[in-house]
There are 2 protein chains.
Amino acid sequence: MTATTQQTRHDSPEQLLTPGEVAALFRVDPKTVTRWATAGRIGSIRTPGGHRRFRESEVRTLLDELTRDAETGR
Amino acid sequence: MTATTQQTRHDSPEQLLTPGEVAALFRVDPKTVTRWATAGRIGSIRTPGGHRRFRESEVRTLLDELTRDAETGR
DNA sequence: AAGAAATCGGGTAATTCGGGCC
DNA sequence: CCTGTCCGAATTACCCGATTTC
């Protein structure tokens, strides 16, 4: 059973997302997400290989803010 | 101080993590963690059967070092 | 002693990185 | 200023069968 949550033991403090997944959530190019990270607009964690991972909670918060912004007519 | 250092369970001073657990922390494939060990980017201990185990302290340090959080300001 | 899950290997697609340009 | 796309190079993900772990 391995699909959404993979925790065999211990606990993960936070769930991480790949650039592609974040890009899909915002409907933008993965490259754009990378630029956000470079610009410091979103926190990122690097793998030893140099690839970026993003905190799901942070992404969700950002996404939620944008949604709320649109609704408020901002 | 007569029976305080006694660990009823086999709790080693160094907690060891499986490739799957390390992979979950970085949100990568367990195979990738193996590749890191082969490349010498992370220390690994082999079981008599050839499986790899990783020191939790080392993994934590590495993860913490590669974590560029949303620092100060915004 | 037997079984399910995980990790070994290798080999081949799919992502991501980085810079530069529109 | 911000985003999308093209390129080459590097990293990572999924495929298999066999072995190890618990």
Check your understanding: With sequence neighbours left out, what residues match Glu21(A) under salt bridge (Lys or Arg N to Asp or Glu O under 4.0 Å)?
Key -> Arg27(B)
Could you grab the distance from atom [atom1] of [X] to atom [atom2] of [Y], nearest 0.5 Å is fine?
| X | Y | atom1 | atom2 | result |
| --- | --- | --- | --- | --- |
| Leu16(B) | Phe54(B) | CG | CZ | 10.5 Å |
| Ser44(A) | Glu58(A) | OG | CD | 8.5 Å |
| Ser57(B) | Glu14(B) | OG | CD | 4.5 Å |

Practice item. Could you check which residues of residues 47-55 of chain B get a heavy atom under 4.0 Å from DNA chain C? Sort them by number, please. Key: His51(B), Arg52(B)
Practice item. Return the set of residues passing side chain to side chain donor-acceptor pair (under 3.5 Å) with Arg60(A) (not counting sequence neighbours), or none when no residue passes. Key: Glu56(A)
Exercise for review: Could you list the residues that satisfy side chain to side chain donor-acceptor pair (under 3.5 Å) with Arg53(B), not counting sequence neighbours?
Suggested key: none
Review point. Under 3.5 Å, is there an N or O donor on one side and an acceptor on the other linking the side chain of Arg35(A) and the base of dG18(C)?
Key: no
Review point. Dot-bracket for DNA chain C, 5' to 3', with Watson-Crick and G-U pairs under 3.5 Å, [ ] for crossing pairs and | for other-strand pairs: what is it?
Key: ..|||||||||||||||||.|.
For the residue pair [X] and [Y], establish whether any side-chain heavy-atom pair is separated by less than 4.5 Å.
| X | Y | value |
| --- | --- | --- |
| Ile42(B) | Pro48(A) | no |
| Leu63(B) | Phe26(B) | yes |
| Leu17(A) | Leu25(A) | yes |
| Thr34(A) | Arg52(A) | yes |
| Thr61(A) | Glu65(A) | yes |

Gap between atoms [atom1] and [atom2], on [X] and [N] respectively (whole Å):
| X | N | atom1 | atom2 | value |
| --- | --- | --- | --- | --- |
| Arg41(A) | dC2(D) | CZ | C1' | 8 Å |
| Arg46(B) | dT20(D) | CZ | C1' | 12 Å |
| Glu21(B) | dT21(D) | CD | P | 16 Å |
| Trp36(A) | dC17(C) | CH2 | C1' | 18 Å |
| Leu17(B) | dT7(C) | CG | P | 11 Å |

Review point. Between Thr34(B) and dT7(C), does any side-chain N or O lie under 4.0 Å from OP1 or OP2?
Key: no
**Study point:** Within residues 23-32 of chain A: residues closer than 4.0 Å to DNA chain D (heavy atoms)
**Key:** Val28(A), Asp29(A), Lys31(A), Thr32(A)
